[in-house]
Amino acid sequence: MKAFVLQPLQEALNALLLQGVIPEVPAQLELDRPKQVEHGHLASNIALLLAKKAGRKPRDLADTIIAALPASPWIVRTEIAGPGFINFFLSPAAFHAVIEKIQTEQNLFGSNQRGGQQKLQLEFVSANPTGPLHVGHGRGAAYGASLANILRFNGYDIFCEYYVNDAGRQMDILAASVYMRYLEAAGLLPWPFPDNSYRGAYVREIAAQLRTQCGDRLEHAAADIPNLPAMEDADAAVDTLIAHLKQSLGEDYRVLHSAGLDEILNDIRNDLEQFGVHYERWYSERQLVDSGAVDRAVAELQSAGHCYIQDGALWFRSTAFGDDKDRVLRRENGAYTYFASDVAYHAEKFARGFTQVVDMWGADHHGYVPRVKAALKALGLDDEKLEVVLVQFAILYRGAEKVSMSTRAGEFVTLRELREEVGNDAARFFYVLRRADQHLDFDLDLAKKHSEENPVFYIQYAHARVYSMLRQATEKGLSLPADNERALDCLQDSRELALADALWRFPEVVHNAARDREPHQIAFYLRDLAAAFHTYYNSTKILVEEPPLRHARLTLCKGVAQTIANGLKLLGVSAPEQM
RNA sequence: GCGCCUGUAGCUCAACUGGAUAGAGCAACGGCCUUCUAAGCCGUAGGUCAGGGGUUCGAGUCCCUUCAGGCGCGCCA
């Protein structure tokens, strides 16, 4: 819609530039949608911006600009207002145009090609496969998947990836936890299950499966098992147990390790798939390590002279690249840190040719950003191409009551439980109702309500209402508009034009949501559009006797339904035709 | 202590990246079903944009500062 005004305005400014009235034309002309209807459909502040440079009074300059505007069928009136705004009033035809556009583009309405099919990688969730996903991960999943949809709709070539932390200490602790439950089930665990291991019920289930699979074959490692409770440092105690298991079980340690990993990763995959979250690739940290990528990345940092050895550990001088302290790459005991494999992983992302990489991390990892960027810079890569979105936690409520959660103790609400309780649609929608960097209060009771208080149903209801009218018309034997109905001239009422105006906003919102990485803009827009539709529905009878008017109104309504469906699709929410 | 984030209506949050009289949803109050789904609509009330200073035609938005809250500051991930 903005193009209707942008083009004439551009022409006028170019003409004035030639005449020497203004010294320059801004590269990017901007148009506002005024809050007050009296201020027109669109407004430009261009006279205010150029007044000083042109040595003219703003209102005076605005007058000159208006005089230079070429005639346009879309603009019916202009006026100068306030300190020097130029307000534009558009013709009904400008609003009918959006309805025709929707009919032409249908499920592509709102999309654009600004991305130019640039390859963009999105990494999100990437939770350690040490247990089922909980509601905190759900937010990252909903946010990442929605953002992926939105960016695709903006013409980007999107590649979604889940980084699987399947190498490393946490996975070993899981293996040890499974083993302890395995022993416990046979009454062979000589002391109580320790607090700092994985205590969730799922660990018992995995242990039970392991027993079905291996019988008592693994029990022999219980013989000289370290006495964990007797040891001072609980973390060191677990490490001792892990070392013991690796040595004592030999090849079978791999079986134990995989028992937990495979089971949990499968569970996570299914969970996300059912939640409508799809990945192009599950990237294994273990494979990254085995391929020698970590060795190579570290060696590259070393040969570039960005490393030093201190206290037996290998350090990366990240302070030379904006970090506030140096970081260890390889520990005194010879093992790489998590950071080392992350450096390798990110270097790998750029080597794969992505023009932009977006990571979505839990907000508690924010201190981690400078060191990863430092490493990229040290490797001669452009750290601007790595964008980190920090996703805050979701706090669950039942009405006013907070649901307490503790991951360690295994007392957390899983994503699956949440989905089963409130449904995928409500879960997806509620998760993206806030900006990612804001805390999210997730009210389970509200998400389940099928009433006006629940924004998901409010929007879906608007969509279903349109289809209800179409069914109703058929039942009454009233003719329906053609799919390419173009006789829209009878839509002249301000309420009809206002509704069409709301439709015009959709492509703009899609663009802004992608630019700002803010899916919530879509959610807010849909609520506004649904409200505008409900208002129209209540004020105007759609299924009138006169066919031309009925057809035109129904065509407008179908445009609303199509737009709602397109928007909900971006958020991974269904658009039912009947409720 | 240092760094990052946040502070807007009773509650939960927006505000098109500097525009005109700061908007929604809940909650509160008052209305609207003989008519296409009342899972809806209309209206009323509610504000020192945390406080202070600055930048300019113009500030919730940018800069400085104070206060309050959250998170982070491992050879953990």
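All values below come from the heavy atoms of this structure, side chains included, with hydrogens, waters and symmetry mates left out. Residue numbering restarts at 1 for every chain, and letters A, B, ... go by the order of the sequence lines. For clarity, every value in this text was computed on a predicted model and none was experimentally measured.
Per the geometry, CZ belonging to Phe524(A) stands 15 Å off C1' belonging to A22(B), to the nearest Å. The separation between Glu546(A) atom CD and C36(B) atom P is 17 Å, rounded to whole Å. Taking atom CG of Asp516(A) as the reference point, atom P of U61(B) lies 18 Å away to the nearest angstrom. The interatomic distance linking Ile522(A) (CD1) with C16(B) (C1') rounds to 13 Å, in whole Å. The separation between Arg434(A) atom CZ and C26(B) atom C1' is 11 Å, rounded to whole Å. Going from atom NE2 of His520(A) over to atom P of U12(B) covers 17 Å, rounded to whole Å. Rounding to whole angstrom units, CZ of residue Arg550(A) and P of C36(B) are separated by 16 Å. In this structure, Asp437(A) places its CG atom 18 Å from P of G70(B), rounding to the nearest Å.
Closest to the Arg515(A) side chain, of the nucleotides A14(B), U35(B), C16(B), is C16(B).
G40(B) is paired with C32(B) under the criterion used here, namely a Watson-Crick or G-U wobble arrangement in which both key atom distances are under 3.5 Å. U56(B) is unpaired under the criterion used here, namely a Watson-Crick or G-U wobble arrangement in which both key atom distances are under 3.5 Å. The partner of G1(B) is C73(B), by the rule that a Watson-Crick or G-U pair needs both atom distances under 3.5 Å. Figure legend. C67(B) is base-paired to G7(B); pairs are counted as Watson-Crick or G-U wobble with both atom distances under 3.5 Å.
Note on Arg527(A): every side-chain N or O is 4.0 Å or more away from OP1 and OP2 of A14(B). An OP1 or OP2 oxygen of U17(B) is reached within less than 4.0 angstrom by no side-chain nitrogen or oxygen of Arg435(A). For the OP1/OP2 pair of C41(B) and a distance below 4.0 Å, the side-chain nitrogens and oxygens of Tyr458(A) include at least one atom meeting the criterion.
At a non-hydrogen distance threshold of 4.0 Å, nothing from residues 551-559 of chain A comes into contact with RNA chain B.
Remark: the separation of the C1' atoms in A9(B) and G23(B) is 10 Å, to the nearest Å. Annotation: G25(B) and A14(B) have their C1' atoms spaced 10 Å apart (nearest Å). Rounded to the nearest Å, the gap between the P atom of A77(B) and that of C71(B) is 22 Å. To the nearest whole angstrom, the two P atoms, one in A20(B) and one in C2(B), are 37 Å apart. Comparing the C1' positions of G18(B) and C62(B) gives an interatomic distance of 8 Å, to the nearest angstrom. Of the P atoms belonging to A22(B) and A45(B), the separation is 15 Å, rounded to the nearest Å. As rounded to the nearest Å, A28(B) and C67(B) have C1' atoms that lie 32 Å from one another. C13(B) and G58(B): their P atoms are spaced 34 Å apart (whole Å).
Using a 4.0 Å cut-off between charged nitrogen and carboxylate oxygen, Arg169(A) and Asp239(A) count as a salt-bridge pair. By the 4.0 Å N-to-carboxylate-O rule, Lys349(A) lies close enough to Asp359(A) to be salt-bridged with it. Between Lys558(A) and Glu485(A) there is no salt bridge, since none of the side-chain N atoms of the basic residue sits less than 4.0 Å from a carboxylate O of the acidic one.
Across all strands, Arg33(A) comes closer than 4.0 Å to base atoms (heavy-atom distances). Within the 4.0 angstrom heavy-atom criterion, no nucleotide atom of any strand lies near Phe339(A). Residue Glu508(A) is classed as having no contact, given no heavy-atom separation below 4.0 Å to the nucleic acid.
Each of Ile542(A) and Tyr336(A) has a nearest nucleotide on RNA chain B; the 5'-most of these lies closest to Ile542(A). Of the residues near RNA chain B, Thr535(A) and Glu285(A), the one whose nearest nucleotide (by heavy atom distance) lies more toward the 5' end is Thr535(A).
Considering CZ of Phe524(A) and CG of Leu433(A), their distance stands at 5.5 Å, rounded to 0.5 Å. Arg286(A) CZ to His257(A) NE2: the interatomic distance, rounded to the nearest 0.5 Å, is 6.0 Å.
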Polar atom pairs (N or O), protein with nucleotides 72-76 of chain B, under 3.5 Å:
| from | atom 1 | to | atom 2 | distance (Å) |
| --- | --- | --- | --- | --- |
| C73(B) | O3' | Lys325(A) | NZ | 3.3 |
| C73(B) | O2' | Lys325(A) | NZ | 3.4 |
| G74(B) | OP2 | Lys325(A) | NZ | 3.2 |
| C75(B) | O2 | Glu332(A) | N | 2.8 |
| C75(B) | N4 | Asp311(A) | O | 2.8 |
| C76(B) | OP2 | Arg331(A) | NE | 3.2 |
| C76(B) | OP2 | Arg331(A) | NH1 | 2.6 |

For nucleotides 18-21 of chain B, print each protein N/O atom paired with a nucleotide N/O atom at under 3.5 Å, atom names and distance only.
| from | atom 1 | to | atom 2 | distance (Å) |
| --- | --- | --- | --- | --- |
| G19(B) | N7 | Asn45(A) | ND2 | 2.9 |
| A20(B) | OP2 | Lys35(A) | NZ | 3.0 |
| A20(B) | N6 | Asn87(A) | OD1 | 2.6 |
| A20(B) | N1 | Asn87(A) | OD1 | 3.3 |
| A20(B) | N1 | Asn87(A) | ND2 | 3.3 |
| U21(B) | O2 | Gln36(A) | NE2 | 3.4 |

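By the rule that a glycosidic angle within 90° of 0 means syn, C33(B) counts as syn. Applying the 90° criterion around 0 to the glycosidic angle, U65(B) comes out anti.
Around atom CD of Glu545(A), no more than 12 heavy atoms belonging to other residues, nucleotides or ligands sit under 6.0 Å away.
By the 4.5 Å heavy-atom criterion applied to side chains, His463(A) and Glu577(A) are counted as neighbours. Considering only heavy atoms from C-beta on, Ile542(A) stays 4.5 Å or farther from Leu556(A) through its side chain. Using a 4.5 Å heavy-atom threshold, the side chains of Leu147(A) and Phe124(A) count as separate. Asn128(A) is not listed as a side-chain neighbour of Glu285(A), based on a closest heavy-atom distance of 4.5 Å or more. Tyr338(A) has its side chain within reach of Asn165(A): a pair of non-hydrogen atoms, C-beta onward, lies under 4.5 Å apart.
Closest heavy-atom contact between Arg59(A) and Ala81(A): NH1-C, 3.7 Å. Ala530(A) and Ala462(A) make their closest contact through CB-CB, 3.9 Å (heavy atoms, listed as atom of the first residue, atom of the second, distance).
Aromatic ring orientation, His346(A) versus Trp361(A): perpendicular (interplanar angle above 60°, classes split at 30° and 60°).
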